[in-house]
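Quick note: residue numbers are just sequence positions, from 1. All of these numbers come straight from a predicted model, not from anything done at the bench.
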Amino acid sequence: MKNKRSILLGALCLLALNVCAQKSSKKDEVVTIATNKGTMRFILFDETPKHKANFIKLAKDKFYNGLLFHRVIDDFMIQGGDPNSRNAKPDEMLGRGDNGYKVPAEFNGKLFHQKGALAAARDNNPEKESSGCQFYIVEGRKWSKADLEKQSARAARKLTDAQKKVYETIGGTPHLDGAYTVFGQLIDGMDVIDKIASVDKDERDRPEKDISMKVSVKKMKKKKITRKYGWKYEA
């Protein structure tokens, strides 16, 4: 098992190096997650190359197609990517499935849990390594200054003033910062997060009516991404 994991991580590192080499590219990948509640589109960050390479590979391999958003909590997040959720029975417990490996944590102070952030789920391993496949999308909520201070105290790192302003005006889940790897950001379909998060669910936070996903990747010119979705790249 250790040998298999080493091979997988080695392949992942090679993919990550390839992603890094493309930083100066005039194109970028747009990830689309289509559901029966609407379609969401994301940009994945070059600052988290291992997570970016891993998610793109799984999407291109059609790993996620047919999987469910198995855990949704209003004003918090929507989670999916458990391979056991494909064709799962209504009463089946989900959330423990994996694809055989973890991805090393890639924390970056610029990346935070604002609304629409795409982040990696994980178990309680001490290295805070990410699940190789499960992810969540932040819904969160807007925070008052007083409540934000309490949330900031729970975070694993100090928030910048600019990040605090986003949490106050746009929203998110600040207490997760520095504890889970954020590796992408939604650029289209913010209302879809709210629709999914607000559905009826059971006592385990699983939607009563299945919400499955289809994930695809398309390379586009960065100028077109900015023009079409308003996403601005750093110079």
Side-chain angles (χ1 to χ4, degrees), residues 1-20 22 28-46 48-72 77-89 92-106 116-123 125 128-138 180-189 192-193 196 205-207 210-220:
M1 183 66 182
K2 285 185 178 180
N3 187 47
K4 180 182 178 182
R5 184 183 178 190
S6 297
I7 293 172
L8 287 166
L9 287 176
L12 185 58
C13 286
L14 289 173
L15 284 167
L17 288 171
N18 185 51
V19 169
C20 288
Q22 295 177 357
D28 198 2
E29 289 88 355
V30 174
V31 172
T32 298
I33 301 180
T35 75
N36 60 356
K37 296 294 182 181
T39 299
M40 299 171 282
R41 293 179 177 84
F42 300 83
I43 287 294
L44 306 186
F45 298 128
D46 289 332
T48 54
K50 294 182 179 68
H51 285 75
K52 181 172 183 173
N54 181 61
F55 197 89
I56 288 173
K57 181 182 185 304
L58 293 178
K60 288 183 175 180
D61 289 345
K62 304 186 186 305
F63 173 89
Y64 288 115
N65 292 355
L67 301 189
L68 305 179
F69 280 99
H70 63 270
R71 181 173 177 244
V72 305
M77 59 90 220
I78 59 176
Q79 182 172 336
D82 180 351
N84 295 338
S85 68
R86 185 179 281 108
N87 302 317
K89 297 178 180 179
E92 190 171 343
M93 179 181 288
L94 299 173
R96 298 178 179 176
D98 62 50
N99 60 344
Y101 63 90
K102 290 181 170 64
V103 181
E106 295 180 295
L118 177 64
R122 65 171 176 81
D123 56 22
N125 71 88
K128 298 182 180 178
E129 293 180 312
S130 302
S131 164
C133 56
Q134 290 201 43
F135 65 91
Y136 60 93
I137 304 166
V138 174
Y180 294 80
T181 297
V182 173
F183 65 95
Q185 179 64 36
L186 182 141
I187 59 173
D188 182 54
V192 180
I193 302 174
I196 294 175
D205 296 315
R206 176 178 169 180
D210 287 346
I211 301 174
S212 64
M213 67 183 77
K214 183 176 181 181
V215 182
S216 59
V217 180
K218 181 179 181 181
K219 184 164 283 191
M220 296 174 61

> Should the pair F135 and F55 be assigned to parallel (<30°), tilted (30 to 60°) or perpendicular (>60°) ring geometry?
Replying inline: perpendicular

> Counting N and O atoms only, with roles assigned by atom type, does the side chain of N54 sit under 3.5 Å from a partner on the main chain of G132, one being a donor and the other an acceptor?
Replying inline: yes

> Just by modelled atom types, is the G100 backbone N or O under 3.5 Å from a matching donor or acceptor in the D98 side chain?
Replying inline: yes

> Does R41 have any salt bridge (Lys or Arg N to Asp or Glu O under 4.0 Å) partners at least two apart in sequence or in another chain, and if so, which?
Replying inline: D188

> Who pairs with D210 by side-chain hydrogen bond (donor to acceptor under 3.5 Å, both in side chains), at least two apart in sequence or on another chain?
Replying inline: R206

>> Less than 6.0 angstrom from the centroid, inside 45 degrees of the normal: does R71 satisfy that with respect to the ring of Y136?
In response: no

>> How long is the straight-line distance from NZ of K50 back to OG1 of T181, given to the nearest 0.5 Å?
In response: 10.5 Å

> Just how far is it from atom OG1 of T39 to atom CE of M213, taken to the nearest 0.5 Å?
Replying inline: 12.5 Å

> Roughly how far, to the nearest 0.5 Å, is OG of S131 from CG of N99?
Replying inline: 6.0 Å

> Which atom names give the shortest non-hydrogen contact between K52 and F45, and what distance separates them?
Replying inline: CD-O, 3.7 Å

>> Let me confirm one number: the CZ-OG distance from R86 to S212, rounded to the nearest 0.5 Å.
In response: 10.0 Å

> Measuring from L44:CG to D28:CG, what's the distance to the nearest 0.5 Å?
Replying inline: 7.5 Å

> Given side chains that start at C-beta, do those of K218 and M220 come closer than 4.5 Å, heavy atoms only?
Replying inline: yes

> Got Q79 and D205 here, is their nearest side-chain heavy-atom distance under 4.5 Å?
Replying inline: no

> Does the salt bridge (Lys or Arg N to Asp or Glu O under 4.0 Å) test come out yes or no for K102 and D123, once each step is laid out?
Replying inline: CA-CA 10 Å; K102 290 181 170 64; D123 56 22; 3.4 Å; yes

> Any side-chain heavy-atom pair from N65 and F63 closer than 4.5 angstrom?
Replying inline: no

>> Measuring only between side-chain heavy atoms, which start at C-beta, is L68 closer than 4.5 Å to D82?
In response: no

> Between H51 and A120, which heavy-atom pair has the shortest distance, and what is it?
Replying inline: CD2-CB, 3.8 Å

>> How long is the straight-line distance from NE2 of H70 back to CD of E92, given to the nearest 0.5 Å?
In response: 11.5 Å

> Among T32, V215, I196, which one satisfies side-chain contact (heavy atoms from CB on, under 4.5 Å) with M40?
Replying inline: I196

> Which residues satisfy the ring pair (Phe, Tyr, Trp, His ring centres under 6.0 Å) test with F42, sequence neighbours excluded?
Replying inline: none

> Less than 4.5 Å apart, any side-chain heavy atom of Y64 and any of C133?
Replying inline: yes

> Of the non-hydrogen atoms in Q134 and G95, which two are nearest, and what is the gap between them?
Replying inline: NE2-O, 3.0 Å

> How far apart are the closest heavy atoms of V217 and A59, and which atoms are they?
Replying inline: CG2-CB, 3.6 Å

>> Any side-chain to backbone donor/acceptor pair from T35 onto G38? Under 3.5 Å, distance only.
In response: yes

> Mind checking whether E129 and R122 have side chains closer than 4.5 Å, heavy atoms only?
Replying inline: no

